[in-house]
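Below: one structure in structure tokens.
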Amino acid sequence: MPGLVGVAGLEQDNLLPRMAQAIRDKDWYQQDLHAERRIGLGRVHLGLLNPEPQPIWNEDETLCIFMEGEVYDYQEAKRQLVDRGHQFQIDNDAEFVLHLFEEVGETFASQLNGAFVAAIWDVRARKLWIVNDRFGLQQLFYREDGKRLLFAGHTAAFQADPHYNPQVDRLALAEFLSFEHILGNRTLIADVKLLPPGSILTFQNGQLSIRSYYDFQFVEDYQDRDEAWYVERWVHLMQQAVERRMRGDGPIGLQLSGGLDSRVMLAMINHRRYPLHTFTFGVPGCDDARFAREAADRRGTIHHFMELRPDYLRSVAEEGVKSTNGLKSCVHMHVLGALDETAKLVNVLYTGSLGDSIMGGHIQRDLLAVHQPEVLARMLFKRYNTCFDEESHSQLFSSNFYSQVKDAVFQEFSHVLKNSRAKISANVREHYSIRQSDRRWILEGQNLLRTQVVVRTPFYDNDLVDFMLTVPPGLRFDSYLYIQGFIQAAPDLAKVPYEKTGLPFTPCMREFSIRADRQMRWWLRQRGLKWVSAPQKRPYADYDTWMRTVLRSWVEDTLLNKRALGRGYFNPDYIRNLVGEHMAGAKHARKLGVLLTLELWHRMFLD
């Protein structure tokens with residue numbers, strides 16, 4: 001699992017190389033390490049981005065940097081640094097970040113646009129600085145142990161520490177079972193935290209400090225602009241965001257589904273200038289496969305369909321749980337079904353992550369209003385509570401466990417909603433989607449990809465996000481502005497049906513034909529001709545069926561064995577009944593997914 005690794009404080013006793021080895025679980029991973037008195041820094045990496053050995057030093061070797069990830073569009077800032085006397089020897093992203101820090105101090109972070117985490121060591125002050133990008137796209141976990149700070153891109157590194165005594169964070173576990181993700185910066189281990197996005201961490205003389213340098217908030221003082229201005233501005237910033245990330249780091253690919261986000265990426269990548277592989281996974285004949293193939297053909301990409309086999313979880317679930325630190329349900333690990341084949345063809349993979357959230361895909365009509373905080377919290381809690389609801393907690397958990405988490409999940413949910421400081425309900429929801437569910441759930445899929453390829457996510461571009469934070473909810477509602485901009489930028493792709501609706505984005509004869517077919521089928525069935533099939537969506541996966549057929553023995557063996565039922569968290573009879581109901585025909589795949597994930601995580605990280 002690529003990422004930074006380090007220990008600061010007391011003498012490390014050869015701990016750094018052991019931590020690095022714990023996360024270097026692929027033969028092709030490379031590592032760079034540096035250790036001196038009471039400090040050890042390093043990185044484990046793919047050797048694709050900034051492959052030059054680290055640390056990188058400044059001219060007088062008073063500062064050094066380890067960095068994972070990349071920053072974009074800094075050529076002008078670099079020229080200014082050269083004019084001020086800075087000397088560049090390596091000419092990569094990490095060296096630029098180091099010299100920018102040396103020139104302007106801790107304000108350097110707000111000037112960076114990218115996906116990165118960097119550790120800078122000040123030799124004279126004996127002070128460690130760790131900074132990440134605005135959205136935490138490159139994860140960093142940390143734990144404070146007395147006067148030591150340990151940090152790594154993966155929690156497995158902490159298992160190398162003989163003083164590590166992990167204890168389960170019970171509230172985090174209950175949150176994971178409720179939302180399929182954890183809130184805030186918690187992890188499943190009580191004393192291990194995730195570095196907040198847009199943060200600067202410092203450690204000096206045994207003292208840890210973390211402060212935010214970026215305040216992610218929606219602007220509710222809207223300007224008087226017409227729709228055409230917003231559409232034009234969106235198209236420009238979207239194209240700019242993609243172009244910034246076209247850096248020529250080898251063969252490139254795009255995860256292409258039947259949805260809108262990845263199709264926008266397809267529209268914005270100049271496939272004539274950059275030969276492009278597109279990848280679609282799913283079951284044969286699914287809507288994603290059909291619509292993605294048509295879109296790829298229109299743009300002339302090198303298209304690959306990767307079949308998602310019904311039993312694929314048997315071979316990849318443990319790897320997925322390990323790579324995501326137990327923070328991603330195994331029924332959302334589809335990317336692993338095709339990742340090995342993808343990595344053989346490309347070095348860089350573009351995704352449409354964040355598009356749906358930042359572009360208004362979660363804004364429903366009832367949120368275009370102002371609700372009392374308590375009312376809104378209950379509304380949104382129900383929408384994000386995808387697995388075990390509050391009513392089922394008393395049956396799911398053992399009496400002892402339930403007494404410790406009763407009502408706490410909703411209370412914590414209500415607390416994080418307040419972080420938005422927004423008045424309009426739509427903005428409260430979008431803030432939660434981006435800062436909580438996208439960061440703690442969707443991005444875990446990106447972390448799976450990063451185990452083998454470079455991942456680039458143009459929707460997280462600073463300028464594009466800053467613009468979208470100023471767009472009125474009425475224009476973001478139901479992705480309206482997003483769709484209008486897409487139609488303007490790519491009218492040919494807008495005629496390909498959309499997986500969500502089965503219809504093209506723009507009025508055309510094809511849309512008329514599809515609607516007429518649906519209406520005729522409905523009319524015939526209303527008149528008793530039940531043999532006429534109703535329109536049906538064909539999803540890319542069917543975990544409900546798979547878990548009661550080809551995965552049945554794996555599910556039962558994992559969840560119903562004596563060790564799993566005896567962990568003390570759950571009521572064994574409830575788990576047995578839940579599994580039994582599913583095997584009899586109920587649809588509990590998402591609930592079983594989080595339970596399977598927790599059990600596999602427990603075996604790998606605690607047993």
Side-chain angles (χ1 to χ4, degrees), residues 166-182 186-190 310-314 316-318 320-322 324-333 381-382 384-410 441 541-607:
Q167 302 296 318
V168 172
D169 184 324
R170 299 195 166 215
L171 177 54
L173 188 148
E175 290 172 353
F176 185 71
L177 290 165
S178 300
F179 310 117
E180 297 177 287
H181 66 82
I182 297 172
R186 296 175 181 272
T187 70
L188 290 170
I189 299 299
D311 62 348
Y312 87 97
L313 277 181
R314 283 183 179 270
V316 305
E318 288 192 9
V321 171
K322 182 179 181 181
T324 59
N325 304 283
L327 301 176
K328 180 82 168 177
S329 172
C330 62
V331 299
H332 301 300
M333 293 181 180
F381 186 79
K382 291 178 182 178
Y384 284 100
N385 192 182
T386 57
C387 281
F388 296 97
D389 57 27
E390 283 186 299
E391 290 72 21
S392 66
H393 283 184
S394 61
Q395 304 169 53
L396 167 67
F397 295 127
S398 66
S399 57
N400 179 55
F401 190 97
Y402 180 65
S403 67
Q404 299 177 55
V405 300
K406 180 181 179 181
D407 301 325
V409 173
F410 176 73
W441 179 26
D542 186 2
Y543 288 100
D544 283 312
T545 298
W546 297 348
M547 283 189 177
R548 68 173 66 97
T549 53
V550 295
L551 294 176
R552 177 169 184 160
S553 61
W554 175 70
V555 172
E556 292 177 336
D557 291 345
T558 303
L559 294 181
L560 301 183
N561 67 80
K562 184 178 180 180
R563 178 173 58 169
L565 293 174
R567 296 211 182 271
Y569 310 131
F570 307 121
N571 174 355
D573 289 336
Y574 183 87
I575 301 298
R576 293 190 190 97
N577 290 336
L578 186 75
V579 174
E581 288 176 4
H582 184 84
M583 300 311 170
K587 295 184 177 182
H588 294 322
R590 295 185 78 164
K591 292 180 179 179
L592 295 179
V594 290
L595 292 172
L596 288 162
T597 300
L598 287 173
E599 175 56 24
L600 295 175
W601 171 81
H602 216 288
R603 294 178 186 181
M604 288 185 280
F605 287 85
L606 293 184
D607 288 352

Rounded to the nearest 0.5 Å, how far does CD1 of Ile182 lie from OG1 of Thr187?
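It is 6.5 Å, given to the nearest 0.5 Å.
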What side-chain hydrogen bond (donor to acceptor under 3.5 Å, both in side chains) pairs are there with at least one residue in residues 584-600, not counting sequence neighbours?
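Output for this query lists Glu180-Arg590, Arg567-Glu599, Glu581-His588, Glu599-Arg603.
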Can you list every pair that meets salt bridge (charged side-chain N to carboxylate O under 4.0 Å, His left out) and has a residue in residues 386-395, with sequence neighbours left out?
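For residues 386-395: Arg378-Glu390.
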Check for me whether the distance between the ring centres of His393 and Phe410 falls short of 6.0 Å.
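They do not qualify: ring centres at least 6.0 Å apart.
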What's the separation between atom CH2 in Trp601 and atom CG in Asn325, rounded to the nearest 0.5 Å?
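It comes to 10.0 Å.
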Do Ser329 and Val594 touch side chain to side chain, with heavy atoms closer than 4.5 Å?
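Yes - at least one pair of side-chain heavy atoms lies under 4.5 Å apart.
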Hey, could you give me the CG/CG distance between Leu600 and Asp607, rounded to the nearest 0.5 Å?
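Those atoms lie 11.0 Å apart.
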Between Phe179 and Phe381, ring centroids under 6.0 Å
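Under 6.0 Å, so yes.
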If every non-hydrogen atom of Arg314 is compared with every non-hydrogen atom of Ser553, which pair is closest and at what distance?
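So the two residues come closest at NH2-OG, 2.6 Å.
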The criterion is side-chain contact (heavy atoms from CB on, under 4.5 Å); which residues satisfy it with Gln395, sequence neighbours excluded?
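For Gln395 the side-chain contact (heavy atoms from CB on, under 4.5 Å) partners, ignoring immediate neighbours, are Tyr574.
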Can you name the nearest heavy-atom pair linking Pro166 to Phe605, along with the distance?
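For Pro166 and Phe605, the tightest heavy-atom pair comes out as CG-O, 4.4 Å.
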Asp557 side chain to Leu560 backbone, donor-acceptor under 3.5 Å:
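Checking the backbone N and O of Leu560 against the side chain of Asp557, no donor-acceptor pair under 3.5 Å is found.
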Return the set of residues passing salt bridge (Lys or Arg N to Asp or Glu O under 4.0 Å) with Arg548 (not counting sequence neighbours), or none when no residue passes.
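In terms of salt bridge (Lys or Arg N to Asp or Glu O under 4.0 Å), with neighbours along the sequence ignored, Arg548 is linked to no residue.
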Could you go step by step and tell me if Val168 and Tyr569 meet the side-chain contact (heavy atoms from CB on, under 4.5 Å) rule?
CA-CA 10 Å; Val168 172; Tyr569 310 131; 3.2 Å; yes
Evaluate side-chain contact (heavy atoms from CB on, under 4.5 Å) for Val555 paired with Met583, printing each intermediate quantity in order.
CA-CA 10 Å; Val555 172; Met583 300 311 170; 4.0 Å; yes
Once salt bridge (charged side-chain N to carboxylate O under 4.0 Å, His left out) is applied, what residue pairs with a partner in residues 392-403 remain, sequence neighbours excluded?
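Counting only pairs at least two positions apart or across chains, no salt bridge (charged side-chain N to carboxylate O under 4.0 Å, His left out) contact touches residues 392-403.
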Could you report the tightest heavy-atom contact between Ser398 and Gly568, atom names first, then the distance?
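For Ser398 and Gly568, the tightest heavy-atom pair comes out as OG-O, 2.8 Å.
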Listed by chain and number, what are the side chain to side chain donor-acceptor pair (under 3.5 Å) partners of Thr545, not counting sequence neighbours?
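With sequence neighbours excluded, Thr545 shows a side chain to side chain donor-acceptor pair (under 3.5 Å) to Asp542, given in chain and number order.
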If you measure from CG on Leu606 to CE on Met604, what distance do you get to the nearest 0.5 Å?
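Leu606 CG to Met604 CE: 10.5 Å, rounded to 0.5 Å.
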Check against side-chain contact (heavy atoms from CB on, under 4.5 Å), Leu592 and Met547
CA-CA 9 Å; Leu592 295 179; Met547 283 189 177; 3.9 Å; yes
Test ring pair (Phe, Tyr, Trp, His ring centres under 6.0 Å) applied to Tyr312 - qualifying residues, sequence neighbours left out:
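Partners of Tyr312 under the ring pair (Phe, Tyr, Trp, His ring centres under 6.0 Å) test: none.
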Any residue meeting salt bridge (Lys or Arg N to Asp or Glu O under 4.0 Å) with Asp544, in chain and number order, not counting sequence neighbours
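Here no residue qualifies.
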Return yes if some donor-acceptor pair links the side-chain N/O of Asn561 with the main-chain N/O of Thr558 below 3.5 Å, else return no.
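Such a contact is found between Asn561 side chain and Thr558 backbone.
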Whether Trp546 and Tyr543 hold their rings parallel, tilted or perpendicular, with breakpoints at 30° and 60°:
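Perpendicular, since the angle between the ring planes exceeds 60°.
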For the CZ atom of Arg170 and the CZ atom of Phe397, what is their distance to the nearest 0.5 Å?
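Spacing of CZ (Arg170) from CZ (Phe397) equals 10.0 Å.
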Under the ring pair (Phe, Tyr, Trp, His ring centres under 6.0 Å) test, which residues partner His582, sequence neighbours left out?
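Once residues adjacent in sequence are excluded, His582 has no partner under the ring pair (Phe, Tyr, Trp, His ring centres under 6.0 Å) criterion.
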Any side-chain heavy atom of Leu595 within less than 4.5 Å of one from Phe570?
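When only atoms from C-beta onward are counted, Phe570 and Leu595 do touch, with a gap below 4.5 Å.
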Apply the test side-chain contact (heavy atoms from CB on, under 4.5 Å) to residues Asn385 and Val409: give CA-CA distance (whole Å), side-chain angles for both, the deciding distance (0.1 Å), then the verdict.
CA-CA 10 Å; Asn385 192 182; Val409 173; over 6 Å; no
With sequence neighbours excluded, what pairs up with Asp311 under the salt bridge (Lys or Arg N to Asp or Glu O under 4.0 Å) test?
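Asp311 satisfies salt bridge (Lys or Arg N to Asp or Glu O under 4.0 Å) with Arg309 only.
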Kindly write out the residues that satisfy side chain to side chain donor-acceptor pair (under 3.5 Å) with Glu318, not counting sequence neighbours, or none if the list is empty.
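Scan of Glu318 (side chain to side chain donor-acceptor pair (under 3.5 Å), adjacent residues dropped) gives none.
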Can you find a pair of side-chain heavy atoms, one from Leu396 and one from Leu578, that are under 4.5 Å apart?
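Not touching, per the 4.5 Å side-chain cut-off.
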Enumerate, atom names and distances included, each donor-acceptor pair closer than 3.5 Å involving a side-chain atom of residues 399-408, sequence neighbours excluded.
unit_1, atom_1, unit_2, atom_2, d
Ser403, OG, Asn400, O, 2.6
Gln404, NE2, Asn400, O, 3.4

Drop me the distance from Leu559's CG to Leu565's CG, to the nearest 0.5 angstrom.
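Going from the CG atom of Leu559 to the CG atom of Leu565 covers 8.0 Å.
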Quick check against the 3.5 Å criterion: does Lys328 have a side-chain atom that pairs as donor or acceptor with the backbone of Trp441?
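Yes, the answer is positive, given that a donor and an acceptor are paired below the 3.5 Å cut-off.
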